[in-house]
Amino acid sequence: MAEETESGQEKTEEPTPKRREDSKKKGQIPRSRELTTMVLLLAAALALLVLGGWMGTQLQTLLEWSFTVERSRIFEGDVVIRSLHEAIGRGLIIVGPFAMAMLVVAVAAPTLLGGWSFAAQPMAPKLEKMSPIKGLKRMFGTKALVELGKSLGKVLVVGGTAVGLFYLFFDNFYAMSRAPLLPAMAEGMRLFYIFFFLLALSLLVVVAIDIPYQIHDHTQKIRMTRQEVKDEFKQTEGKPEVKGRIRELQRELSNRRMMEQVPKADVVVTNPAHFAVALRYDQSAMRAPRVLAKGTDLLAARIRAVAEENDIPVFQAPPLARALYYSTELEQEIPSELYFAVAQVLAYVYQLRAARRRGAPAPDRPRPEVPKGMDERQEPGRSRGDRSGG
């Protein structure tokens with residue numbers, strides 16, 4: 001059954017990435033104490049296996065030195081204190097590498113599940129933790145039963161492993177009791193390393209059960225109601241009316257920038273009423289004419305008005321205007337299929353300007369033609385060849 005919130009809504013939805021990130025910032029991440037304990041014990045066993053021989057030799061030397069006092073110093077009043085201080089210092093140097101290794105592992109081990117996270121919020125005092133009713137729920141709740149089960153499991157697993165190892169190495173223990181002191185101590189240390197490592201490794205059974213449970217329990221805690229998912233979506237994506245207003249402002253800004261380019265055009269090709277496309281061609285810098293502005297209806301009227309205010313020629317060619325509008329993008333070159341038609345228009349415009357300067361008659365007005373279908377809006381999944389063939 002899904003968990004219910006204080007408002008009575010059930011948490012039926014999986015947590016979103018934002019919910020997971022927010023919970024991590026609050027320190028709510030899956031943790032496995034069993035994993036941390038196992039890693040610490042295994043690291044200790046490996047550290048002892050690597051450093052144990054050296055540490056044992058150094059501690060033996062330190063012990064011998066502690067019971068050896070020079071005859072010239074034996075009557076000094078502070079010889080005991082100074083020897084004790086020196087022995088402590090040398091002892092710390094001997095166990096220092098092992099202690100540092102354990103410190104590093106102790107800090108890193110908890111991050112193996114859930115990653116690194118530091119948050120002050122979990123440390124803040126909460127009144128609900130002082131509630132007797134909630135305290136009883138924690139004591140007799142599902143989590144308490146799971147913890148009890150894990151404790152019993154650890155006792156059974158570790159105890160069973162210890163009994164099995166004892167029977168497996170029984171002959172070694174018997175041989176130790178009959179061996180000389182030094183060989184018996186060496187064999188005892190070897191068995192200690194083996195027992196310590198295998199007992200720590202036996203916790204892998206408990207860890208393999210605890211990790212999936214901790215992940216599942218954490219996911220259940222941060223599950224969301226449908227209303228929470230909707231509210232988060234609104235916060236993340238914004239309200240529809242706000243998004244609509246932003247898009248409107250973006251369109252206005254884009255149109256304003258586009259209209260600023262119209263005075264730079266060489267010609268504006270119109271429908272004449274519904275379409276308008278402003279073109280510019282610089283033979284030294286462009287491979288083909290480019291579209292500076294385009295629009296329909298009111299925007300087309302604005303383009304024509306700006307063109308007339310700046311003495312930009314307006315050329316009426318309905319099929320070409322529609323073809324340019326449907327097949328081009330702003331600041332992009334026109335398609336190669338329209339090169340010839342646009343070249344006719346530009347040539348006419350250049351000739352018209354020259355004729356006006358000389359006071360000569362205007363040149364004949366061309367009638368540019370466009371490939372069939374280019375002056376129509378393309379439908380998704382249908383090519384111009386399909387249209388022209390139809």
Side-chain angles (χ1 to χ4, degrees), residues 237-358 362-363 365-371 373-380 384:
E237 301 296 330
K239 296 182 178 180
E241 56 271 21
V242 176
K243 292 174 64 178
R245 179 56 180 165
I246 292 175
R247 285 195 295 266
E248 183 181 350
L249 292 175
Q250 289 174 339
R251 284 195 298 269
E252 291 179 359
L253 180 60
S254 176
N255 291 340
R256 189 179 302 115
R257 291 176 179 174
M258 184 178 66
M259 298 305 296
E260 292 174 355
Q261 299 296 317
V262 175
K264 302 177 183 179
D266 292 317
V267 64
V268 173
V269 183
T270 65
N271 191 32
H274 300 293
F275 293 85
V277 180
L279 300 175
R280 174 177 171 78
Y281 180 55
D282 183 354
Q283 189 173 1
S284 62
M286 300 179 186
R287 188 184 62 176
R290 290 183 180 177
V291 177
L292 298 185
K294 68 175 187 176
T296 61
D297 300 329
L298 292 177
L299 187 56
R302 289 175 58 190
I303 293 174
R304 291 195 304 272
V306 174
E308 292 172 356
E309 291 173 1
N310 292 272
D311 294 327
I312 305 299
V314 177
F315 187 89
Q316 296 184 13
L320 180 58
R322 292 194 298 268
L324 287 169
Y325 181 83
Y326 289 133
S327 63
T328 61
E329 297 294 337
L330 293 177
E331 299 298 332
Q332 299 296 319
E333 295 179 352
I334 65 173
S336 58
E337 295 91 340
L338 299 179
Y339 280 180
F340 183 69
V342 173
Q344 289 179 290
V345 175
L346 289 174
Y348 169 76
V349 169
Y350 298 152
Q351 292 172 6
L352 181 62
R353 288 176 179 171
R356 288 178 178 175
R357 285 196 300 268
R358 298 194 305 267
R365 185 181 184 86
R367 294 182 178 180
E369 296 183 357
V370 299
M374 287 196 70
D375 60 340
E376 300 177 4
R377 181 185 296 276
Q378 285 290 322
E379 296 177 3
R384 292 193 181 97

Minimum heavy-atom distance [X]-[Y], with the two atoms named:
| X | Y | value |
| --- | --- | --- |
| A307 | V268 | CB-CG2, 3.7 Å |
| I334 | L338 | CD1-O, 3.9 Å |
| P313 | R353 | CD-NH2, 3.7 Å |
| M258 | L292 | CG-O, 3.5 Å |
| A317 | P368 | CB-CG, 4.2 Å |

Among pairs that include at least one residue of residues 327-358, which meet ring pair (Phe, Tyr, Trp, His ring centres under 6.0 Å), considering only residues two or more places apart or in two chains?
-> F315-Y348
Got more than 12 heavy atoms from elsewhere within 6.0 Å of [atom1], [X]?
| X | atom1 | answer |
| --- | --- | --- |
| R257 | CZ | no |
| L298 | CG | no |
| E331 | CD | yes |

Just so I know, are the side chains of [X] and [Y] near enough to count as touching, which here means a heavy-atom distance under 4.5 Å?
| X | Y | result |
| --- | --- | --- |
| V267 | V342 | no |
| I303 | M259 | yes |
| T328 | P335 | yes |
| R322 | N271 | yes |

Residues at least two apart in sequence or cross-chain that pass side-chain hydrogen bond (donor to acceptor under 3.5 Å, both in side chains) with D282, listed by chain then number, are S284
Sorted by chain and residue number, the side-chain hydrogen bond (donor to acceptor under 3.5 Å, both in side chains) partners of D266 (sequence neighbours excluded) come out as none
To the nearest 0.5 Å, what is the distance between CZ (R367) and CD (Q344)?
-> 12.0 Å
A305: what forms a side-chain contact (heavy atoms from CB on, under 4.5 Å) with it, not counting sequence neighbours?
-> none
Taken in chain and number order and not counting sequence neighbours, the residues that satisfy salt bridge (Lys or Arg N to Asp or Glu O under 4.0 Å) with E333 are R287
Under 3.5 Å donor-acceptor pairs involving side-chain atoms of residues 273-280, not counting sequence neighbours:
unit_1	atom_1	unit_2	atom_2	d
H274	ND1	D297	OD1	3.2
R280	NH1	K264	O	3.0

